[in-house]
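Order of the sequence lines fixes the chain letters, A, B, ..., with proteins taken first and strands second; residue numbering starts at 1 for each chain.
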Number of protein chains: 2
Amino acid sequence: MQKKTPTGTVLYTIEQTIKEYRKICQKNIQKVVGDITVDQCLVLIILNDNAGIPQIEIAKLIFKDNASITRIIELMVQKDYLTREVDESDKRKSKLLLTEKGQKTIVLLTPIFKLNRKTALSGLTLDEIELLDKLLHKIISNCKTS
Amino acid sequence: MQKKTPTGTVLYTIEQTIKEYRKICQKNIQKVVGDITVDQCLVLIILNDNAGIPQIEIAKLIFKDNASITRIIELMVQKDYLTREVDESDKRKSKLLLTEKGQKTIVLLTPIFKLNRKTALSGLTLDEIELLDKLLHKIISNCKTS
DNA sequence: ATTATTTATTTGATATATCAAACAAATTTG
DNA sequence: CAAATTTGTTTGATATATCAAATAAATAAT
């Protein structure tokens, strides 16, 4: 049930799983949009679905550090996916908007994201997916309250 | 069953899980050994269990790139956890050995690793853990063959 | 044996992770 | 209102991820 190395535990299977999933995501994304990363896509989708959301909320949604979000967004502004202005209602915040390129990219990527999920979860029943989710949330909660 | 954002899928739960787990690992490791990271610990354990293993095998065991392993080892040599020499039987390889500090660290860390796993998996039955592992391996295989 | 190919590792470039410290704007307190 | 605290973001430092290209040694092919 468990291999010789500590890497034989289910926790390393989790790590392996997310790495393999990210690989196919990146591969499929590249086919359609050449200059964007998985994480940048996530930010794009979040912004598209939640206009005006502050960076700190983006960070929470995709489990990232604020510093990481700052840098990801910086690159996306450079590559003309986003524009960033100071939010006049609260000058600490920045107002992030998709550019035309950003919006077109969303259209291109939406089917890719669906495909990625479908590929990864193929052969799993709804019940299994729910169970998987439940077990993982149990682990998350164990870690958080430790 | 699924939230509004794409981050609501089980695949993002997987990502979240591994991040939370790594956090408690790092936190608990820090309590005992101040200057080592989770990944460096993994390399240490692998080397302790598999003397003379080439870097490329370490990479496979912990799902990392060869380039990453090179750099991780470099830092560990600098911090006197490892020594590295050219392997005379095959000069492309390097012979990696734990220093005394490395061996002492293993002793300190072994109980921590057990604790981390126990904490994370607490409340899950063996059957559930096996099922979790099975479902994850299914996803891995889906991704690999896609 | 020389050439071609493969294998193990390294290096460079770029992206992200993490923590701590810095900052400025907003909010709360006394 | 002024001082203290909180909030949103940035910056610096260091570690890791990923891909591609470069090396050098080992092995296979002609």
Please tabulate, for side-chain N and O atoms in residues 24-31 of chain B, each donor-acceptor pair with protein atoms closer than 3.5 Å (sequence neighbours left out).
from, atom 1, to, atom 2, distance (Å)
Q26(B), OE1, V38(B), N, 3.1
Q26(B), NE2, Q30(B), OE1, 2.9
Q26(B), NE2, I36(B), O, 3.2
N28(B), OD1, K31(B), NZ, 3.1
N28(B), ND2, I24(B), O, 3.3
N28(B), ND2, N116(B), OD1, 2.7
Q30(B), NE2, G34(B), O, 3.2

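- Taking L121(A) as the reference, L124(A), I129(A), V10(B), L11(B), I139(B) meet the side-chain contact (heavy atoms from CB on, under 4.5 Å) condition, with sequence neighbours excluded.
- Comparing E74(A) and K93(A) by the nucleotide of DNA chain D whose heavy atom lies nearest to each, the residue mapping closer to the 5' end is K93(A).
- The interatomic distance linking D35(A) (CG) with dA13(C) (C1') rounds to 16 Å, in whole Å.
- Judged purely by distance below 3.5 Å, without hydrogens or angles, the side chains of T119(B) and N142(A) never pair a donor atom with an acceptor atom.
- Regarding Y81(B), its OH atom lies at a distance of 12 Å from the P atom of dA15(D), rounded to whole Å.
- Evaluation of the side-chain hydrogen bond (donor to acceptor under 3.5 Å, both in side chains) rule for T37(B) yields no partner, not counting sequence neighbours.
- The distance from atom NZ of K60(A) to atom P of dT9(D) is 11 Å, rounded to the nearest whole Å.
- The salt bridge (charged side-chain N to carboxylate O under 4.0 Å, His left out) check on K23(A) picks up E20(A), with sequence neighbours excluded.
- Partners of D65(A) under the salt bridge (charged side-chain N to carboxylate O under 4.0 Å, His left out) rule, at least two apart in sequence or in another chain, do not exist in this structure.
- Hydrophobic clustering (side-chain heavy atoms under 4.5 Å, transitive across Ile, Leu, Val, Met, Phe, Trp, Tyr) keeps I45(A) apart from L97(A).
- Nucleic acid contact for T37(B): sugar-phosphate only, since backbone atoms but no base atoms lie under 4.0 Å from a heavy atom of the residue.
- A heavy atom lying under 4.0 Å from DNA chain D marks none of the residues of residues 51-58 of chain B.
- K138(A) is linked by a salt bridge (charged side-chain N to carboxylate O under 4.0 Å, His left out) to nothing, counting only residues two or more places apart in sequence or in another chain.
- The closest side-chain heavy-atom distance from L98(A) to L82(A) is below 4.5 Å.
- Listed by chain and residue number, nothing satisfies the salt bridge (charged side-chain N to carboxylate O under 4.0 Å, His left out) test with E74(B) (two or more places apart in sequence, or in another chain).
- Taken over five-pair windows at either terminus, the axes of the helix from dA1(C)-dT30(D) to dG30(C)-dC1(D) are inclined to one another by 10° (rounded to 10 degrees).
- Distance I73(B) CD1 to dA15(D) P: 15 Å, rounded to the nearest Å.
- A close approach under 4.0 Å does not occur between any side-chain nitrogen or oxygen of R84(A) and OP1 or OP2 of dG8(D).
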Quiz: residues 101-110 of chain B side-chain donor-acceptor pairs under 3.5 angstrom, not counting sequence neighbours:
from, atom 1, to, atom 2, distance (Å)
K101(B), NZ, D35(B), OD2, 3.3
K101(B), NZ, K79(B), O, 2.9
T105(B), OG1, K101(B), O, 2.6
T110(B), OG1, I106(B), O, 2.7

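- K79(B) places its NZ atom 12 Å from the C1' atom of dT16(D), with the value rounded to the nearest Å.
- Rounded to whole angstrom, the span from the CD1 atom of I36(B) across to the P atom of dT14(D) amounts to 18 Å.
- When heavy atoms are screened at a 4.0 angstrom cut-off, I69(B) is found touching no nucleic acid atom at all.
- The separation between L75(A) atom CG and dA13(C) atom P is 17 Å, rounded to whole Å.
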Where along nucleotides 18-27 of chain D does protein come under 4.0 Å, by heavy atom, of base (B) or sugar-phosphate alone (S), with - for untouched nucleotides? BB-----BS-
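- With sequence neighbours left out, T125(A) forms a side-chain contact (heavy atoms from CB on, under 4.5 Å) with D127(A), E128(A).
- As rounded to whole Å, 16 Å separates atom P of dA15(C) from atom CD1 of I62(A).
- For T70(B) and V38(A), each mapped to the nucleotide of DNA chain C holding its nearest heavy atom, the one lying further toward the 5' end belongs to T70(B).
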